[in-house]
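See below for the structure under consideration.
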Amino acid sequence: PGEFTRRAFINGRLDLTQAEAVADVIESASDKALNSALSQLKGGLSKRLNTLHENLLAAQAQLEAAIDFSEDGLTFQSRETTQKNIHQVETELSQLVDSFRQGRIVREGMRVALVGKPNVGKSSLLNALLQEDRAIVTPIAGTTRDTLEERARIKDIHIVIIDSAGLRDNPELIEEQGMQRTRSALEKADLAVVIFDSSQPLDDNDKLLMQEVGEKPKLVVLNKSDLLSSWQPDKIEKFLAGDQPLILSAKTLNGFESLKEALHKKATHGERVGESLVITRERHRNHLQQSAEALKKAGESLKEGLSEELVAVDVTLAMEHLGIILGKTFEEDLLDKIFGQFCIGK
Ligand SMILES: Nc1nc2c(ncn2[C@@H]2O[C@H](COP(=O)(O)OP(=O)(O)OP(=O)(O)O)[C@@H](O)[C@H]2O)c(=O)[nH]1
Ligand SMILES: [Mg+2]
């Protein structure tokens, strides 16, 4: 399998990112994943990387020329301009690196952990999202003892929902183990849906919960809104410290559509399908990151007035990493560029 694609790569009909996209098409889990793979196959990523590679070649050519011909009294592009151009590429690379989280979500689905203290309605919400009675729901706090993972679909995206044991202080032994699993599920999640029961007064377990969630991206849900609220608005505002809560009833399903909308938005960052370029492979992320780091160093060297030779080493490294992603070598292009750009030696 993959023999045709391999040959297409060797014959130069597809570059490496496009060959990888073929694999992605085959295993894409959602419409959005398929769209993203198709856009990569059409060369979206390679086009962008080739442009950035070109820009670096141009900068490199300036540097090399300055090294070679500075003594002949020729003047070249100012160091500031070269620095600016390099920085521009670095910024674009960093944006692509950041898109990896998004890309993984597109490929594998966003991992959403439902967390909250016991009895707030986590399992009820899981069942509502799945539209089936998957998890056991009872009025007894501590019903869910183990984490439970299910896939669901919201419009064009996939999410993996993890129901978990409620977090509270001083649990029983078996519950303690469930809570450990909750913590590890939380750690691996892309998003925490932090659920509170607004019919019960705030207590220490609510605070404990917020600590556990920490800096994780989150959606705050105030459940049981069909019951009388025992939360004082000003107190809540202070407690949530800026997080806008979603008001929900897992029982009447009031607010459920808004929750789905919010989940979808978190998964897509509010972008529409196929709107922006995302990277979906660890390999790409690693090389893009190393490329961006090399450019950062190059920029700093330029700023600190270090020699062009030194800067050129880092720019070369940055191009090598882009070249690795695309599956090409570049030494010859560099020579073409250098000697094409400067009509010297008449
Ligand atoms: N009135 C009302 N009751 C709800 C709502 N959501 C859940 N409940 C009830 O609250 C109780 C606990 O619900 P669960 O979904 O089991 O809560 P949980 O967070 O999974 O609880 P543990 O697994 O024990 O941590 C059940 O009796 C549910 O029927 C709601 O929106 N309104
Ligand atoms: Mg439960």
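Given the structure is predicted, the values throughout are model-derived calculations rather than measurements.
Between Ala262 and Leu246, the closest heavy-atom pair is CB-CD1, 3.9 Å. In this structure, Ala113 and Ala189 approach most closely via the heavy-atom pair CB-CB, 3.8 Å. Contact between Ile105 and Ala267 at its shortest, heavy atoms only, is CG2-O, 3.9 Å. Here the closest heavy-atom approach between residue Ala250 and residue Leu125 is recorded as CB-N, 4.3 Å. Between Leu202 and Asp206 the shortest heavy-atom distance is CA-OD2, 3.4 Å. Contact between Thr144 and Ile136 at its shortest, heavy atoms only, is OG1-O, 4.4 Å.
When the side chains of ILVMFWY residues are joined at heavy-atom separations under 4.5 Å, either directly or via intervening members, Leu326 and Val89 end up in a single hydrophobic cluster. Leu148 and Ile162 fall into different hydrophobic clusters, defined by Ile, Leu, Val, Met, Phe, Trp and Tyr side-chain heavy atoms under 4.5 Å apart, directly or through other members. Cluster annotation: Leu253 and Ile161 are assigned to the same hydrophobic cluster (Ile/Leu/Val/Met/Phe/Trp/Tyr, side-chain heavy-atom contacts under 4.5 Å, transitive). In the hydrophobic clustering of ILVMFWY residues, with side-chain heavy atoms under 4.5 Å counting as a link, Ile324 and Leu45 come out apart. The cluster map of Ile, Leu, Val, Met, Phe, Trp and Tyr, joined by side-chain heavy atoms under 4.5 Å apart, puts Val194 and Val160 in different clusters.
Using bins of under 30°, 30° to 60° and over 60° for the plane-to-plane angle, the ring pair His287/His321 lands in the tilted bin.
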With side-chain contact (heavy atoms from CB on, under 4.5 Å) as the criterion, how do Met319 and Leu57 come out once you've worked through the C-alpha distance, each side chain's angles and the decisive distance to 0.1 Å? CA-CA 8 Å; Met319 282 193 286; Leu57 270 174; 3.8 Å; yes
Show the numbers, then the answer: is there a side-chain contact (heavy atoms from CB on, under 4.5 Å) between Leu49 and Ile325? CA-CA 9 Å; Leu49 293 186; Ile325 296 176; 3.6 Å; yes
Can Leu93 and Leu52 be said to form a side-chain contact (heavy atoms from CB on, under 4.5 Å), step by step? CA-CA 8 Å; Leu93 291 177; Leu52 296 177; 3.7 Å; yes
If you apply the rule side chain to side chain donor-acceptor pair (under 3.5 Å), what do you find for Thr252 with Asn254, and how did you get there? CA-CA 5 Å; Thr252 66; Asn254 212 351; 4.7 Å; no
Between Arg285 and Glu282, is a salt bridge (Lys or Arg N to Asp or Glu O under 4.0 Å) present by the stated rule, with each step listed? CA-CA 5 Å; Arg285 190 199 43 185; Glu282 192 110 38; 2.6 Å; yes
Please determine whether salt bridge (Lys or Arg N to Asp or Glu O under 4.0 Å) holds for the pair Lys224 and Asp197, giving the CA-CA distance in whole Å, both sets of side-chain angles, and the decisive distance to 0.1 Å. CA-CA 6 Å; Lys224 308 202 187 180; Asp197 177 349; 3.4 Å; yes
Set out, in order, the CA-CA distance, both residues' side-chain angles and the distance that settles side-chain contact (heavy atoms from CB on, under 4.5 Å) for Phe196 and Leu240, then state yes or no. CA-CA 11 Å; Phe196 297 95; Leu240 294 179; 4.2 Å; yes
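Side-chain contact of Ser230 with Gln200: a donor-acceptor pair under 3.5 Å is absent, judged by distance alone. In this model, no donor atom of one side chain and acceptor atom of the other lie less than 3.5 Å apart for Thr91 and Ser94. A donor-acceptor contact under 3.5 angstrom links the side chains of Ser46 and Asp15, judged on distance only. Using a 3.5 Å distance cut-off with no hydrogens or angles, the side chains of Thr138 and Thr143 do pair a donor with an acceptor.
Partner of Glu212 under the salt bridge (Lys or Arg N to Asp or Glu O under 4.0 Å) criterion, chosen from Lys117, Arg183, Lys207: Arg183.
Glu90 CD to Leu288 CG: the interatomic distance, rounded to the nearest 0.5 Å, is 12.5 Å. Distance check, rounded to the nearest 0.5 Å: CG of Leu228 to OG of Ser199 gives 9.0 Å. The distance from the OG atom of Ser198 to the CD1 atom of Ile236 is 7.0 Å, given to the nearest 0.5 Å.
Without hydrogens or angle criteria, Arg181 side chain to Ala165 main chain gives no donor-acceptor distance under 3.5 Å. Side-chain N or O atoms of Ser99 include one that pairs as donor or acceptor with a backbone N or O of Leu96 at under 3.5 Å. Side-chain atoms of Asp243 never come within 3.5 Å of backbone atoms of Val220 as a donor-acceptor pair (strictly under, hydrogens ignored). Judged by distance alone, with hydrogens and angles left aside, the side-chain atoms of Ser225 form a donor-acceptor pair with the main-chain N or O of Leu248 at under 3.5 Å.
Note on Glu261 versus Lys155: salt bridge recorded, some NZ/NE/NH1/NH2 to OD/OE distance being below 4.0 Å. Classification of Lys260 and Glu257 as a salt-bridged pair holds, one side-chain N sitting under 4.0 Å from a carboxylate O. A salt bridge is absent between Glu293 and Lys296; no separation between the charged side-chain nitrogens and carboxylate oxygens falls under 4.0 Å. Checked for salt-bridge contact, Arg79 and Glu308 meet the test: a charged N lies under 4.0 Å from a carboxylate O. For Asp163 and Lys122, the salt-bridge test fails: no basic side-chain N is under 4.0 Å from an acidic carboxylate O.
Counted within 6.0 Å of CD on Glu132, heavy atoms from surrounding residues, nucleotides or ligands total more than 12; the atom is thus considered enclosed. By the neighbour-count criterion of 12 heavy atoms within 6.0 Å, atom CD of Glu237 is sparsely surrounded, having that number or fewer from other residues, nucleotides or ligands. The environment of NZ in Lys216 is crowded: more than 12 heavy-atom neighbours from other residues, nucleotides or ligands sit within 6.0 Å.
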